[in-house]
Visitor: 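First the structure, then my questions, so here it is.
These numbers were taken from a predicted model, which means no experiment stands behind them. Both counts, for ligands and for their atoms, begin at 1 and track the order of listing.
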Amino acid sequence: MEIAITKTEHPKPHPNSEKLHFGTIFTDHMFNMDYSVEKGWHHPRIEPLTAIEMHPSTMVLHYGQAIFEGLKAFRTDRGQIQLFRPEENFKRFNTSARALCIPEFDKTFALHALKELINIERDWVPGSSGTSLYIRPTIIAMDPFLGVRASHTYRFFIILCPVGAYYAEGFNPVKIWVTRNHVRAVRGGVGNVKTAGNYAASLFAGEEAHKQGYTQVLWLDGVEQKYVEEVGSMNIFFVIDDELITPMLTGSILPGITRDSVLKLAKQWGMKCIERRISIDEVMEASSSGRLQEIFGSGTAAVISPVGELRYDDNVIKIGSGLAGPIANKMFNAITDIQYGKIKDTMGWTMTV
Ligand SMILES: *Cc1c(COP(=O)(O)O)cnc(C)c1O
């Protein structure tokens, strides 16, 4: 398929890369592609970023048939632009599509389209330390219809945002709150799918955590409310007795690409790594017996997010000294050094645009 390219006649000024936030500024162009039963995925195009006009009955607005991805492009010191494990994102995007009855797309073509788009927006990739270009591929159901079924038409789009350094104020630990009243997902549901509804379902507990002075929610499993699943919209890791432990992928946990990268690096460093179920009681016990060394989250936005305090009912535990632990620190540096091309990428995780 040939990608039709229409360039904007009104390019916007680029923001000061020292003053960037997350998700507020968008580049000049977007990628669009449509699906219909007759034509399949068709009409791929890069064009000026514009609003999507839709009928009020458009299915995505009512039944949430929407999936998305999140990845980043980085500018290296030599001025090259590189993506981090982008094939993994498009692979997961197709897995999400299958789970929500959305027709799959050609992964190779989608990656090619993304590279074309970034190539056109090269100058939008910020260069200050810790900044990047955040990439949001999305697919939404487009039928104007109020009946409940899978849509027959879809829109695939990619939008881009220059984003600031996540840790502009330092790599500081966050406080997390274990919720007992809410669950994020259940096995057999869509917890392992990057779909819009999971986020809508997480908001209420998130607000409650904020009211109590906590940054993120630590989710327990939806069946027994006993086993740890994720933190906010990140995967979670524990260091107990020098062993790196993360919840195994049971179907209700999002298979994070950062999670996978953390496991692969830790194994390479010779750390003992284990994916298994870990109960909140075990975490509390490890803390009281002095064996809990670190807790940190992993995800594309923050890469690594150290946890300094955890509250479970009326029990509050402190983890570490108030600063990020040594494993969190080493992991953050190792991953970002690869992303920004500061060290040789022996893992084969980066792709130059
Ligand atoms: C995207 C996401 C993650 C992290 O995945 P990465 O591929 O590492 O960015 C973790 N949990 C949830 C719920 C997510 O949506």
Visitor: Does atom NE2 of His42 have more than 12 heavy-atom neighbours from other groups under 6.0 Å away?
Guide: yes

Visitor: Any side-chain heavy atom of Val262 sitting closer than 4.5 Å to one from Ile304?
Guide: yes

Visitor: Is the closest N or O pair between Arg259 and ligand 1 shorter than 3.5 Å?
Guide: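 N/O-N/O distance under 3.5 Å: no.
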
Visitor: Which is closest to atom 2 (C) of ligand 1 by heavy-atom distance: Glu230, Arg85, Lys194?
Guide: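 Looking at heavy atoms only, the winner is Lys194.
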
Visitor: Quick test: of every protein heavy atom, which one is nearest to atom 15 (O) of ligand 1, and how far off is it to 0.1 Å?
Guide: Tyr199 OH, 2.4 Å

Visitor: Under 3.5 Å between any N/O of Ile257 and any N/O of ligand 1: does that happen in this structure?
Guide: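 Between Ile257 and ligand 1, an N or O pair is found under 3.5 Å apart.
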
Visitor: Hey, are the side chains of Thr350 and Gln339 touching, using non-hydrogen atoms and a 4.5 Å cut-off?
Guide: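 SC-SC contact between Thr350 and Gln339 ruled out.
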
Visitor: In the protein, what heavy atom is nearest to atom 8 (O) of ligand 1, and what distance, to one decimal place, separates them?
Guide: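 Ranking protein heavy atoms by distance from atom 8 (O) of ligand 1, first comes Thr258 OG1, 2.6 Å.
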
Visitor: Judged by non-hydrogen atoms, does Arg92 sit under 4.0 Å from ligand 1?
Guide: yes

Visitor: I'd like to know whether NZ of Lys12 has more than 12 heavy-atom contacts from other residues, nucleotides or ligands below 6.0 angstrom.
Guide: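 Check passes, neighbour count above 12.
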
Visitor: Not counting sequence neighbours, which residues clear side chain to side chain contact (heavy atoms under 4.5 Å, CB included) with Lys91? List them please.
Guide: Glu88, Lys107

Visitor: What protein heavy atom lies closest to atom 9 (O) of ligand 1? Include the residue and the distance to one decimal.
Guide: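 The protein heavy atom lying closest is Thr300 OG1, 2.6 Å.
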
Visitor: If we set the cut-off at 4.0 Å for heavy atoms, which region of Leu254 has an atom near ligand 1: side chain, backbone, both, or neither?
Guide: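 Side chain only.
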
Visitor: Flag the pair Thr76 / Gln82 as yes when at least one side-chain heavy-atom distance between them is below 4.5 Å, and no otherwise.
Guide: yes

Visitor: Does the pair Thr8 and His10 meet the rule for a side chain to side chain donor-acceptor pair (under 3.5 Å), with working shown?
Guide: CA-CA 5 Å; Thr8 181; His10 310 283; over 6 Å; no

Visitor: Out of Gly256, Ser233, Ala302, whose heavy atom sits nearest atom 10 (C) of ligand 1?
Guide: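 Closest candidate by heavy-atom distance is Ser233.
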
Visitor: Please could you name the atoms of ligand 1 that Arg184 approaches to less than 4.0 Å, counting only its heavy atoms?
Guide: 13 (C)

